[in-house]
2 protein chains.
Amino acid sequence: MGVMAKRRENVLPVEAKIPEEKVSKEQAILEAAEQEFLDKGLEAAKTTTIASSAGVTHAMLHYYYRTKENLFDKIFEMKVSLLKDSLFTSFDNPGMPFLEKMQCGIESHFDFIRAHPGLPRFVINELLFKPKRLKLFESKIKKGVDCVIAKISEDMEEEVRKGTVNRIDPATLIIDVVSLNVFVFVAMPLLRTFAFEPYGTEDAFFEARKKENVEIMMRRLKK
Amino acid sequence: MGVMAKRRENVLPVEAKIPEEKVSKEQAILEAAEQEFLDKGLEAAKTTTIASSAGVTHAMLHYYYRTKENLFDKIFEMKVSLLKDSLFTSFDNPGMPFLEKMQCGIESHFDFIRAHPGLPRFVINELLFKPKRLKLFESKIKKGVDCVIAKISEDMEEEVRKGTVNRIDPATLIIDVVSLNVFVFVAMPLLRTFAFEPYGTEDAFFEARKKENVEIMMRRLKK
DNA sequence: ATTATCTATAGATCTATAGATAATGC
DNA sequence: ATTATCTATAGATCTATAGATAATGC
């Protein structure tokens, strides 16, 4: 164990002169790991596979990241903070009418997942169904979630008074949106066969889905 | 390889006298395997773990099922035929008005997943994202899916003529329903923290979700 | 001096089978 | 005779580290 103290600290270099090779190897491992972990999950992923697809010897992976778990944690942290950011930027558009706010939120949430199509499966397998990591995640987002819900509730109440919107439990509303937005990305391989054809391109299909999701939710909300 | 011929055939005994112990061991392995494979997937599941949680020696697992893949395939087949059945029973209620048919379909599809809450994740990981198995599955359901879509299309067209229903692409409609119905089950661990409390019991929560999903889709469909 | 890199290998784990023995069914 | 069961172990794979050597930065 004593030898570990010699290990290089994993701090990203921020100086002017970035040693090309050095960054590139460490980074290559991280990127290969991301791919492998998102695809297979912690247990099924192999450090040997990661190393070889990063084009480095296997020992290098352990030199930079010491253990498989450690490397995984790095990826996990990245994904969690990504999730957190999306949650609080998508549904935070102050000074907009409620329904517009909802539409914006749905669309930007959809676009976020579109930009990270592998994320839902990773979250399901490595976060939701691993109690230890789930607890960690929950404690990190609890406050933010309560805040988002409170805001939606407040806005909605105002519209309800005006008689323009149906009252729905905000948590139910969020589950509706997330269900509709997330599902297509985990079902994508099947949809490619059964639903893509009429649209021609993936992009056209996804745009149509986004529109459909907004449409559904507007009909759900509007009086 | 020659020794394999001696292996007992895996045919479920249908005679009157069921040898208690015998069935019980083979079955115990199958059940433990189901649990392990649904939870961890093919690669991360271990035959040693399966054997020990079935309460048999490791060698017995290989005696009855020869290889890990073989055992997995048994579980996989079971789940695929379960899926197939659900698809064609949920959305096949002849002689009902269209909207009632949809409501019944949504509810029985929801109840099916409720009865098999681990299935969605298994399908996502072991079916949708494993091209070989996906191809096999697609070829098995292609005809049925086309048939269901054709029927929905026909029924809907009639209502559209009567002016009672909005025209929607049937595939889009199905994706809407499945998205709403499936998502809560994969997100369950998180929802337990953020959405269960107001409902008291899991059952109450799920009943509310089912109702919400029907509500959403009726509003989407009704003119 | 410190950091990066490689080769070799220890040690753990896992799949699968061989080979011996006990139980069961004619 | 066939089926079921166990112990022991071969062989593969995987994580992790030791130890040697090359490259880099004062």
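In what follows, chains are A, B, ... by sequence order, proteins preceding strands, each numbered from 1.
For dT3(C), neither phosphate oxygen OP1 nor OP2 lies less than 4.0 angstrom from any side-chain nitrogen or oxygen of Tyr64(A). Between Tyr63(A) and dT5(C), a side-chain N or O to OP1/OP2 separation shorter than 4.0 Å is absent. Checking the phosphate oxygens (OP1, OP2) of dT5(C), no side-chain nitrogen or oxygen of Thr57(A) falls inside 4.0 Å.
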- [ ] Kindly determine whether Lys210(A) and Glu207(A) satisfy salt bridge (Lys or Arg N to Asp or Glu O under 4.0 Å), including the steps that lead there.
- [x] CA-CA 5 Å; Lys210(A) 185 161 65 176; Glu207(A) 284 306 309; 3.5 Å; yes
Task: Worked verdict on Glu212(A) versus Arg220(B) for salt bridge (Lys or Arg N to Asp or Glu O under 4.0 Å) - done: CA-CA 10 Å; Glu212(A) 168 73 6; Arg220(B) 179 67 182 88; 2.8 Å; yes
Task: Working for salt bridge (Lys or Arg N to Asp or Glu O under 4.0 Å), residues Arg192(B) and Glu202(B) - done: CA-CA 8 Å; Arg192(B) 199 163 271 123; Glu202(B) 272 199 22; 2.5 Å; yes
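Of the N and O atoms on the side chains of Gln103(A) and Glu107(A), at least one donor lies less than 3.5 Å from an acceptor on the other residue. Between the side chains of Asn70(B) and Thr67(B), not a single donor N or O lies within less than 3.5 Å of an accepting N or O.
Ring to ring, Phe110(B) and Phe185(B) are close: their centroids are under 6.0 angstrom apart. Between Phe183(B) and Phe183(A), the ring center distance fails the sub-6.0 Å criterion.
For DNA chain C, each stem of at least three Watson-Crick or G-U pairs (distances under 3.5 Å) is given as range with range: C:1-24 with D:1-24.
Classification of Glu34(A) and Lys79(A) as a salt-bridged pair holds, one side-chain N sitting under 4.0 Å from a carboxylate O. Ion pair Asp146(B)/Lys151(B) not flagged as a salt bridge, since none of the NZ, NE, NH1 or NH2 atoms sits closer than 4.0 Å to an Asp/Glu carboxylate oxygen. Using a cutoff of 4.0 Å between basic side-chain nitrogens and carboxylate oxygens, Glu43(A) and Lys68(A) are not scored as salt-bridged.
Rounded to whole Å, atom P of dA4(C) lies 7 Å from atom CE of Met60(A).
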TODO: Going 5' to 3' through nucleotides 9-16 of chain C, assign each nucleotide B (protein heavy atom under 4.0 Å from a base atom), S (under 4.0 Å only from sugar-phosphate atoms) or - (no protein heavy atom that close).
DONE: -----SBB
Produce the list of close N/O pairs, under 3.5 Å, pairing protein atoms with atoms of nucleotides 19-24 of chain D; give distances to one decimal.
none

